[in-house]
Structures are given as C-alpha cells and as structure tokens.
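Note that this is a predicted model, so its numbers are computed, not measured. The chain is numbered in sequence order, starting from 1. Order of listing sets the numbers, starting from 1, for every ligand and every atom in it.
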Amino acid sequence: MPPEKHVAICAFPFGSHPWILANMVGKLATAAADVRFSFLSTAKSNHVVFPPPSRAALIPSNLRVYDVGDGSPAGHHEASGDPRDQADLFLRAASANFQASVDTAERDAGRKVSLLLTDGLLTVVACEIAEKWHVPWVAFWFSAPHSLSMHVYADLIHQLRRNADDEEKTLDMIPGLSVMRMVDLPEELVMDPNMSVSCQMFRNLGNVILRAAAVVMNSFVEMDPEPLTADLKSKFSVLLHLGMLTLTPSSPLSLPASDETGCLTWLDSRGPRTVVYISFGSGPLSSPPPDEIMSLAKALESTRTPFLWSLTDRLKGQCLPGGFEERTGAHGRIVPWAPQREVLGHPACGAFVTHCGYNSVFESMAAGVPMIGRPVAVDQRICGKMVEEVWGIGTRVEGGVLTEGGMVKALEAVMRSEEGKAMREKAGELRRRLAEVAGPGGRAAADFKALVELISTS
Ligand SMILES: O=c1ccn([C@@H]2O[C@H](COP(=O)(O)OP(=O)(O)O[C@H]3O[C@H](CO)[C@@H](O)[C@H](O)[C@H]3O)[C@@H](O)[C@H]2O)c(=O)[nH]1
C-alpha cells in the first residue's frame with residue numbers, strides 16, 4: 001500500500017542551506033517511516049548533497065530526491081557568474097520549476113502532496129504553491145532568530161529608517177532586539193525591492209511567513225533571549241525550536257565529517273589551544289575580498305601563529321602572498337574543506353576566525369572555542385554582535401575589515417591575553433549549557449516529536 005502522507009521539500013540550493021535541510025529531512029524520514037518525502041533542489045546542489053553512489057545508499061527508502069531547474073536561460077548549461085544573479089534566476093523560475101517536479105514526485109509516489117516543507121528563504125514561493133494546492137506549509141528558519149524578527153518587523157523598520165543618520169538607531173522597538181542597530185540589519189532586508197526578484201521576495205518574506213502552518217527554528221529556545229522568543233511565539237500559529245540542526249545527532253545526510261584532508265591527524269601533533277582555525281563558510285558570498293585574505297595571511301606569517309585554514313583552491317591561487325604555503329608549512333596547513341565540527345572540538349584548536357555564519361558561530365560555541373569575527377554579508381553582522389557584545393565569547397576585527405595590524409592584535413587578544421582567557425571561560429560555560437539543552441530531555445527533542453506528529457497527520 002502506498003504511504004498515506006507525502007511531504008514535498010523545497011530547498012534553497014545555495015551555501016550550507018541544502019545540507020542543513022537534507023540533514024533535517026533525513027532525521028524526519030527516519031522518524032516518520034510511513035511518510036513519503038520528496039526532496040526538491042537543483043541538480044548541481046543534489047549532486048553535492050547526495051553524491052552517487054556512496055551517499056545515495058544512505059538515503060532512507062521513504063526519501064526520494066528530485067532535480068528542479070536552476071532558472072538559467074534555455075540553452076545555457078547552468079546559471080553562472082555572480083552568485084546573487086544565480087539566486088535571482090533560480091527564484092524567478094522557482095514556483096514553476098518546483099511545481100513541475102512535484103508533478104513527477106506525485107506520479108512516482110501515487111499520492112498527492114499533503115504538506116510542503118520549505119527553506120524559510122523560499123517563503124514567498126512556498127506560500128504561493130501551498131495556497132494554490134490547498135496544502136499546509138512549514139518553513140524552516142536556518143538563520144539567527146533575530147533576523148527572522150527583523151523580517152517580521154520589516155515594515156516598521158522601513159518606516160523608521162529614513163536616512164543615513166538613522167543607521168545608528170537601535171531597534172529597541174522590537175522585543176529582544178534593543179542591542180541591534182539599523183546598520184546591523186541583514187542586507188536582503190534593506191536592499192531596494194525594485195532591484196531584483198529576490199530583493200522583492202526577501203522584502204515580503206516577513207509578512208508572508210506569518211501564514212505558515214508552523215515555523216521551525218534552527219536554535220534552542222533556552223538560548224534565545226526571552227522577549228524575542230515570546231514575541232515570535234505570539235506571531236506564529238506554531239513555533240518549534242529543533243536546536244542547532246548541525247549539532248544535534250546527525251542523520252546520514254549531514255555535512256561530510258570525514259577527515260579526507262588529514263586535518264585531525266595534523267592537529268594531533270599540535271599543543272593544546274595553539275592553533276587558529278579559519279573558515280569563511282560554505283559559499284562564495286561570505287568570503288572577504290582578496291586584499292583582506294592577503295592581510296590575514298601576512299598576520300599569520302608574521303606572528304608565526306599555527307593555523308588550519310579551510311580555503312578553496314580558487315581563493316588560494318588568487319589571494320595568498322607568493323610562496324606563503326612553503327614559508328608557513330612548518331606551522332600552518334591549508335585545505336579545501338575541513339571537518340569543521342571535529343576541528344573545533346579538537347583540544348589543539350584555540351580560536352576560530354570566522355565570517356560569523358550562524359552555524360559556524362554555534363559550532364564554535366558548542367566546542368567552547370572563542371572567535372575572531374569578520375562578518376561579511378546577510379545575518380553575519382547580527383551574529384558577530386551577539387558573539388562580542390552579548391555572549392562575550394569573541395571579538396570582531398578592528399574597523400570591520402581584515403588588516404594585518406588589526407589581525408595581529410586580535411590574535412594576541414584572543415589566543416594569548418587575559419581577555420582571551422575570559423572569552424574561553426564564557427565559551428566553555430555556553431558549551432556546557434548547550435550540551436544540556438541539546439540532550440534528550442531538552443525542548444528540542446520534544447519539538448522534534450511535535451514536528452513528526454504534524455507531518456504525519458496534516
Ligand atoms: O571547511 C568547511 C567549511 C564549512 N563547513 C561547514 O559549513 C557550514 C557553514 O555554515 P555557516 O557558518 O552558517 O555559513 P554559510 O554556509 O556561509 O551560511 C549561510 O547560511 C547561514 C544560515 O542561514 C547564514 O547564517 C550565513 O550568514 C550564510 O552565509 C558549517 O556547518 C560548517 O561546519 C565545514 O564543515 N567545513
């Protein structure tokens with residue numbers, strides 16, 4: 001007999017988003033074995049997240065993966081160039097492309113879709129499809145809860161933000177956000193909505209997401225400021241907190257954690273808390289400009305700080321000073337991809353230079369490692385601010401950009417000073433707290449059960 005329920009999952013196929021969604025869906029498919037799940041993303045993203053044949057074998061049997069068009073014009077192999085243009089092309093065609101793939105998925109399953117599960121960034125598209133098909137939809141919010149709140153209050157923010165002088169105004173009219181300023185707003189919220197399809201969609205997101213049957217947060221209710229959580233709870237029909245989806249026990253579909261690049265073995269040979277780990281996330285939009293990468297490299301070389309750097313071959317070729325790898329080979333290592341969670345959890349890891357992506361910040365916190373933040377885009381200013389000003393577990397680089405002098409100071413402060421010791425102690429306290437709330441008795445475990453129930457009965 002075919003499974004009774006059929007959940008279609010719409011992925012936003014950029015950066016870490018499809019990985020985290022796939023990890024979550026892997027867990028849901030295991031927990032709700034009689035529900036059919038159809039995971040829809042671009043061929044390029046599916047090929048990375050579910051590469052054949054080895055990882056494909058790990059996919060639960062009730063989960064099928066379908067390719068959707070990436071929006072590139074007919075005749076082009078795939079959208080190319082600026083990642084923002086790729087996102088725009090994808091979003092422009094997303095509604096039609098998802099609907100076409102769902103038709104195939106429904107034919108394969110012999111069942112109509114009963115629920116749509118979507119990345120929160122696809123809110124406008126998902127709402128349009130779900131309302132057309134008369135099915136409920138659930139949105140996953142993978143970023144900081146603060147940024148969701150900013151989207152929900154976008155109209156109010158836009159009324160109050162009239163000119164450049166307003167940039168330093170705090171957002172104290174929004175519950176739980178009094179520490180944030182206008183200038184910390186995610187850029188997709190402040191971009192001119194007439195610029196592109198994605199700008200329009202992101203600008204409308206906050207109003208439309210209120211119509212979701214449920215919103216699932218990638219955070220722990222116990223870790224978020226109470227006024228913020230209480231306010232969001234009052235706005236949504238159902239608000240669930242599944243904890244950091246990359247932290248809680250992984251499904252077979254979590255990000256690759258194997259140590260193919262030998263990072264952990266290399267760390268084994270280093271002293272406790274001596275190595276600085278560097279990564280600017282999983283997508284090209286989050287990398288600082290080449291001259292800043294160059295300045296960071298110079299600071300690592302001049303201070304002889306042991307380092308492990310996750311840096312793509314392209315950036316390595318473009319941005320490092322000539323002969324850098326040869327000169328620093330005795331104390332540094334560059335790899336194209338690192339098993340980040342394991343690296344941060346290694347005793348040799350003393351600090352993390354990060355773009356302050358939401359997952360990276362929480363992975364560092366879960367490992368008790370202090371951070372040096374260089375926020376680059378989207379929600380990273382918010383996360384950087386939390387790290388430095390609210391949690392006290394790191395510092396942002398001087399002037400907001402990487403310079404050799406600023407980086408030397410930051411390394412000294414975090415790796416070797418009393419200030420750095422205090423940051424590490426606070427990070428250690430948060431690590432213990434996170435371990436407690438992520439456990440089987442925590443709220444995240446109860447909310448996961450509630451989501452499985454919702455999926456199985458909607
Ligand atoms: O060598 C590497 C590099 C990255 N990662 C993993 O990749 C993920 C990166 O996630 P995140 O830190 O959130 O960065 P982005 O991939 O850049 O994430 C995008 O999506 C996030 C969630 O919406 C936002 O917070 C960020 O600002 C946005 O850039 C983390 O789980 C890392 O552990 C590795 O495992 N190895």
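Aromatic ring pairs are classed by plane angle as parallel below 30°, tilted from 30° to 60° and perpendicular above 60°; the pair Phe362 and Tyr358 is tilted.
Which parts of ligand 1 touch Ser143 is read off a 4.0 Å heavy-atom cut-off, strictly below it: atoms 23 (O). Close approach to Glu363 involves these atoms of ligand 1, each under 4.0 Å from a residue heavy atom: 30 (C), 31 (O), 32 (C), 33 (O). For ligand 1, the atoms sitting less than 4.0 Å from at least one non-hydrogen atom of Ser360 are 11 (P), 12 (O), numbered in the order shown with element in parentheses. Shown in contact with Gln380 at under 4.0 Å from a heavy atom are these atoms of ligand 1, numbered in order with element: 26 (C), 27 (O), 28 (C), 29 (O).
Between Gln340 and Ser360, the side chains place a donor N or O and an acceptor N or O closer than 3.5 Å (distance only, hydrogens not considered). No hydrogens or angles considered: a donor-acceptor pair under 3.5 Å links the side chains of Ser95 and Glu128. Looking at Ser282 and Trp19, their side chains never bring a donor and an acceptor atom within 3.5 Å of each other.
Only side-chain heavy atoms of Ser279 come within less than 4.0 Å of ligand 1; its backbone N, CA, C and O stay farther off. The part of Ser310 lying near ligand 1 is the side chain, judged by heavy-atom distances below 4.0 Å. With a 4.0 Å heavy-atom cut-off, ligand 1 is reached by the side chain of Val378 but not by its N, CA, C or O. Residue-level proximity to ligand 1 for Ser282 is carried by backbone and side chain together, each with a heavy atom below 4.0 angstrom.
Between the side chain of Asn46 and the backbone N or O of Ser41, at least one donor-acceptor pair lies under 3.5 Å.
For a threshold of 3.5 Å applied to N or O pairs, the pair formed by Phe280 and ligand 1 contains no separation below that value. Here's the thing with Ser16: one of its N/O atoms is less than 3.5 angstrom from an N/O atom of ligand 1.
Under 4.0 Å is where a charged nitrogen must lie from a carboxylate oxygen, and between Glu226 and Lys233 no such pair does. Comment: Glu168 engages Arg181 in a salt bridge, judged by a side-chain N to carboxylate O separation of less than 4.0 angstrom.
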